[in-house]
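Note that these values count all heavy atoms, side chains included, but never hydrogens, waters or copies made by symmetry. Count residues from 1 along the sequence. Quantities reported herein were computed from a predicted structural model and do not represent experimental measurements.
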Amino acid sequence: MILQPSALLCLSSLWGVIVQAASPRNKKPSQGQFPVTQNVTVVEGGTINLTCRVDQNDNTSLQWSNPAQQTLYFDDKKALRDNRIELVRASWHELSISISDVSLSDEGQYTCSLFTMPVKTSKAYLMVLGVPENPHISGFTSPVMEGDTIQLTCKSSGSKPAADIRWFKNDQEITDVQKIQQQDSNGKTFTVTSSLVFQGDRKDDGAVIRCRVDHESLTSTPQIAKQVLEIHYTPTVRILPSTPLPQEGQPLILICESKGKPLPEPVLWTKDGGELPDPERMTVNGRELTISFLNKTDNGTYRCEATNSIGQSSAEYVLIINDPNALPGPVATDHALIGGVVAVVVFVTLCSIILIGRYLARHKGTYLTNEAKGAEDAPDADTAIINAEGSQVNAEEKKEYFI
């Protein structure tokens, strides 16, 4: 038999009157007779305990009622037929019940009543968290061409309160996103949508985009949706020689390293804008060009061209063959050093000669001649010399300059 709420209220009131009548008239209720409860939070689908305690109780009954004011338990007596509600403990100081498989409709204010005169109550609010649904990423159509705009949308419903959505590219969080939340038709839960917009780039090929839903109901691990990017792009090409100094008579391998999505295959080798001139010595194996025996006629520009469905690209390598009979690097370096020393010595010698000449030019030599003043009056040469020697101090000297 299911008791109607009105009948339960009448029964509760009648029980309170009986209790008061059975008590001595001169007994006053204790000032410590107050029920104590606590607010509780539970995840939808979980189990929760509601506990009401009274420190001092003179055998007065306790009662739990739901937000609709339906009595759940009156002392140890179950009043509402609901298999999810069970008695945990019933005494004069405590009344505890449990509710399993909690739903969003169970949320609200529960009341513990202590049937004194007047009746004393304590409220406990039960909050039920709505668990968000697994997120889903939409908007990606594989493959995407490099440079195209990519717009991804992540959506999750059923959260209460509204969940938070975060985006990650590999391990790097993306913050430039748009978020929208809408209340669901039940008026309790929310649907959260987040959008991410970016340009497709070849460096993002193979990157993992993650949409993560964070919510207080997810105590262990967050809910995650993943999308692996596939970006198609034109090839990039470079040529790698097997040796940096090709020599006549030696083999040479040129490797055409090409990257692209889709992978370019095969590659095309040309020399000086035409076909390879000597197929017997020049063989192509995949991306490798092998010249078995180099000679001077192999000098020129070699070109590797890679093509895929997006486009094509190429790289060039200029081959200059070195003479194996030429002096090795260290010997040639020694000869150059000796030649430099000789040039310095010659230069220093020439500079010394020039400096000596200029020194002699600046230091003048002088001597007296028979053309000194008054010599023309002498009757003979001997007398002129004697006159010149005698008047050397006072006579005006005639100087001749020499170099």
Who are the side-chain hydrogen bond (donor to acceptor under 3.5 Å, both in side chains) partners of E44, not counting sequence neighbours? none
For Q38, I'd like to know if atom CD has over 12 heavy atoms of other residues, nucleotides or ligands within 6.0 Å. no
For residues 180-237, which residue pairs pass the disulfide (SG to SG under 2.5 Å) check, not counting sequence neighbours? C154-C211
So, the side chain of S194 versus the backbone of Q178: is there a donor-acceptor pair under 3.5 Å, distance only? yes
R281 NZ/CZ over F293 ring centroid, <6.0 Å and within 45° of normal: no
Strictly below 4.0 Å, N to O, side chains only: are E133 and K155 in salt-bridge contact? no
Do D58 and Q33 meet the criterion of a side-chain donor-acceptor pair at a distance under 3.5 Å? yes
For the residue pair T149 / Q199, report whether a side-chain donor-acceptor contact shorter than 3.5 Å exists. yes
Regarding R212 and D214, does a basic nitrogen lie under 4.0 Å from an acidic carboxylate oxygen? yes
Between N49 and T51, is any side-chain donor less than 3.5 angstrom from a side-chain acceptor? no
Face-on cation placement of K271 at Y302 ring, 6.0 Å and 45° thresholds: yes
Using a strict threshold of under 4.0 Å (side-chain N to carboxylate O), is an ion pair present between K261 and E146? no
Side chains of I209 and L196: does their closest heavy-atom pair fall under 4.5 Å? yes
Between OG1 of T153 and CD1 of I137, what distance do you get to the nearest 0.5 Å? 9.5 Å
Side-chain heavy atoms of L114 within contact of N57, under 4.5 Å: yes
T71 versus W64, side-chain donor and acceptor atoms under 3.5 Å: no
Can K169 be said to sit on top of F198's aromatic six-ring, NZ or CZ under 6.0 Å from centre and within 45° of the ring axis? yes
Just how far is it from atom CG of L252 to atom CG of L289, taken to the nearest 0.5 Å? 7.5 Å
I'd like to know if R166 pairs up with E173 as an ion pair, taking the criterion as any Lys NZ or Arg NE/NH1/NH2 lying under 4.0 Å from an Asp or Glu carboxylate oxygen. yes
Can a salt bridge be assigned to the pair D164 and K179 using a cut-off of 4.0 Å between side-chain N and carboxylate O? yes
Pair H93-S91, side-chain donor/acceptor within less than 3.5 Å: no
With side chain to side chain contact (heavy atoms under 4.5 Å, CB included) as the criterion, how do E230 and V144 come out once you've worked through the C-alpha distance, each side chain's angles and the decisive distance to 0.1 Å? CA-CA 6 Å; E230 182 180 1; V144 172; over 6 Å; no
With a 4.0 Å cut-off, would you call D101 and R84 a salt bridge? no
